[in-house]
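Since we're looking at a predicted model, the values are computed, not measured. These numbers come from the heavy atoms of this one structure, side chains and all, not from hydrogens, waters or symmetry mates.
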2 protein chains.
Amino acid sequence: MRTHAQHELTKNQALVYGSLSDAGGPLTAYAILDLLRENGFRAPLQVYRALDKLVEFGMVHRLESLNAFVACSHKGCAGHGSAAFAICEKCGDVREFTPDDVVRLLKDWTESQGFALARTTIELRGTCKSCVASG
Amino acid sequence: MRTHAQHELTKNQALVYGSLSDAGGPLTAYAILDLLRENGFRAPLQVYRALDKLVEFGMVHRLESLNAFVACSHKGCAGHGSAAFAICEKCGDVREFTPDDVVRLLKDWTESQGFALARTTIELRGTCKSCVASG
DNA sequence: GCATCTATGTTATGTTGTAACACACATAGC
DNA sequence: GCTATGTGTGTTACAACATAACATAGATGC
Ligand SMILES: [Zn+2]
Ligand SMILES: [Zn+2]
Ligand SMILES: [Zn+2]
Ligand SMILES: [Zn+2]
């Protein structure tokens with residue numbers, strides 16, 4: 001039994017997830033494509049199809065405000081509560097966190113409005129601690 | 001003294017804002033361009049440049065998860081606290097609200113992390129009340 | 001064998017967003 | 001008047017992001 005694979009990935013899914021995991025930060029689909037050309041990737045759809053599945057599995061998150069994708073920071077994660085992201089505009093660092101209290105308030109609001117919530121996007125832009133410190 | 005114009009808009013800005021205001025919902029930049037061809041618009045930059053200013057003025061919001069823009073629902077608004085959006089995936093309706101408590105919690109988190117928050121993106125996807133009722 | 005489902009490969013196209021350069025217009029300083 | 005400066009504008013070309021449509025390949029179940 002595998003400990004770190006809730007989903008058996010196909011070859012392309014594994015390659016794409018590997019790229020994101022190795023990168024340790026967000027990559028665009030086309031950046032992934034370029035990284036994987038030496039593995040035989042030729043067309044954007046090969047990347048997008050794998051990303052669709054990985055996002056569905058909860059192993060990868062899409063950053064809407066960057067048009068980019070990032071591996072979930074919970075290693076071997078098979079999905080968790082809604083995530084939020086703090087994105088540094090100086091260095092590009094992305095920090096994932098899970099603000100359950102925030103999500104609870106948003107869910108309360110949607111319920112009070114009769115809105116059936118499917119998913120949330122929370123992305124914070126600013127400057128990270130080390131970039132603030134260094135000027 | 002004008003009551004509804006905190007900013008004197010240029011011709012192009014007024015046209016773009018008018019389109020969004022009349023639409024009563026989100027439009028992509030290219031949809032705006034098509035609407036404004038009869039007013040002499042020929043190129044996407046004419047739209048994007050106006051949108052940049054309108055967003056800066058706080059009169060228009062960008063919806064990252066739709067790659068679209070929407071007039072602020074506060075008429076004559078010159079900017080307010082961070083907004084959030086509930087987006088119906090059935091009918092496309094977008095409801096703007098201002099969840100101060102949520103923003104406060106997010107701000108607390110960023111401050112505890114030394115992250116200098118510049119702006120927030122909060123977008124909720126789901127099904128609106130009337131679409132839930134009718135389907 | 002045959003239907004069905006999923007994954008994959010490939011070409012072409014559609015959608016969203018900018019770079020670079022030129023020009024018009026207003027305002028301020030000389 | 002005449003420059004300098006800043007901002008708004010117009011235009012061409014291009015870059016970046018995403019999908020449609022069609023073909024092929026392998027696995028599973030009957
Ligand atoms: Zn995650
Ligand atoms: Zn940083
Ligand atoms: Zn608003
Ligand atoms: Zn609806």
Self-check item: Atom of B/His80, atom of B/Glu96 and distance for their closest heavy-atom approach
Solution: NE2-OE2, 3.0 Å

Practice problem: Could you check A/Tyr30 against B/Asn67 and say which one's nearest nucleotide on DNA chain C is further toward the 5' end? | Solution: A/Tyr30

Atom-pair distance ([atom1] on [X]; [atom2] on [N]), nearest Å:
{"X": "A/Glu8", "N": "C/dA7", "atom1": "CD", "atom2": "P", "result": "13 Å"}
{"X": "B/Asp34", "N": "C/dT15", "atom1": "CG", "atom2": "P", "result": "10 Å"}
{"X": "B/Leu66", "N": "C/dT15", "atom1": "CG", "atom2": "C1'", "result": "14 Å"}

Got a sec, which residues hit side chain to side chain donor-acceptor pair (under 3.5 Å) with [X], two or more places apart in sequence or on another chain?
{"X": "A/Thr110", "value": "none"}
{"X": "A/Arg42", "value": "none"}
{"X": "A/Asn67", "value": "A/Arg62"}
{"X": "B/Gln113", "value": "A/Arg95"}

Under 3.5 Å donor-acceptor pairs involving side-chain atoms of residues 47-59 of chain A, not counting sequence neighbours:
none

Self-check item: Sequence-distant partners of B/Glu89, salt bridge (Lys or Arg N to Asp or Glu O under 4.0 Å), two or more places apart
Solution: A/Arg119, B/Arg125

Exercise. On DNA chain D, reading 5' to 3', which nucleotide is the first and which the last to sit with an atom under 4.0 Å from a heavy atom of chain A, could you check?
Key: D/dC17 to D/dA21

Quiz item: Applying ring pair (Phe, Tyr, Trp, His ring centres under 6.0 Å), which residue pairs with at least one partner in residues 91-122 of chain B are found, sequence neighbours left out?
Solution: A/Phe97-B/Trp109, A/Trp109-B/Phe97

Report each atom pair, protein N/O against N/O of nucleotides 4-6 of chain C, whose distance is under 3.5 angstrom.
none

Could you go through nucleotides 8-12 of chain C and list every protein N or O atom that sits under 3.5 Å from one of its N or O atoms, giving the distance for each pair?
| residue | atom | partner | partner atom | Å |
| --- | --- | --- | --- | --- |
| C/dT8 | OP1 | A/Thr10 | OG1 | 3.0 |
| C/dT8 | OP1 | A/Asn12 | N | 3.2 |
| C/dT8 | OP2 | A/Thr10 | OG1 | 3.4 |
| C/dG9 | OP2 | A/Asn12 | ND2 | 3.0 |
| C/dG9 | OP2 | A/Gln46 | NE2 | 2.5 |
| C/dG9 | N7 | A/Arg49 | NH2 | 2.4 |
| C/dG9 | O6 | A/Arg49 | NH1 | 3.2 |
| C/dG9 | O6 | A/Arg49 | NH2 | 3.3 |

Exercise. Report yes or no: is the ring centroid of B/Tyr48 under 5.5 Å from the six-membered base ring centroid of C/dT18, with the two planes under 30 degrees?
Key: no

Quiz item: Got a salt bridge between B/Asp100 and B/Arg104, using NZ or NE/NH1/NH2 to carboxylate O under 4.0 Å?
Solution: no

Pair up each side-chain donor or acceptor in residues 128-135 of chain A with any protein partner under 3.5 Å, not counting sequence neighbours, and list the distances.
| residue | atom | partner | partner atom | Å |
| --- | --- | --- | --- | --- |
| A/Ser134 | OG | A/Ser130 | O | 3.2 |
| A/Ser134 | OG | A/Cys131 | O | 3.4 |

Listing, residues 19-35 of chain B side-chain donor-acceptor contacts under 3.5 Å, not counting sequence neighbours, or none:
| residue | atom | partner | partner atom | Å |
| --- | --- | --- | --- | --- |
| B/Ser19 | OG | B/Leu15 | O | 3.0 |
| B/Thr28 | OG1 | B/Ala31 | N | 3.1 |
| B/Asp34 | OD1 | B/Arg37 | NE | 3.1 |

